[in-house]
Amino acid sequence: MRRYLMTVLTLTALCGASTLAHARPPTVMTSPGYDARLQESRKALGNSQTATTPADAPVTAPKRSKKKHPN
């Protein structure tokens with residue numbers, strides 16, 4: 001019984017400790033300057049007059065499958 005309790009408490013402590021760590025690299029931060037430049041570039045791209053048309057998809061013949069003959 002005592003061994004069972006120690007196992008449960010150990011597992012509980014390990015699970016609890018693993019939920020506390022939320023590691024992120026130091027570069028994951030919001031940058032107001034970068035966000036402003038990004039919005040400006042997106043706005044400039046949205047206002048551009050050059051319209052691109054998607055290329056036509058190549059027409060392919062349907063694949064022929066082998067017929068299965070009943071035994």
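Each residue takes its place number in the sequence, starting with 1. Keep in mind the model is a prediction, meaning the values are calculated, not measured.
Other residues sharing a hydrophobic cluster with V8 under the 4.5 Å side-chain heavy-atom criterion for ILVMFWY residues are Y4. Applying the under-4.5 Å side-chain rule to Ile, Leu, Val, Met, Phe, Trp and Tyr, the cluster around M6 consists of that residue alone. Side-chain contacts under 4.5 Å among hydrophobic residues (ILVMFWY), followed directly or transitively, place Y34 together with L38.
Considering only residues two or more places apart in sequence or on other chains, T10 meets the side-chain contact (heavy atoms from CB on, under 4.5 Å) condition with L14.
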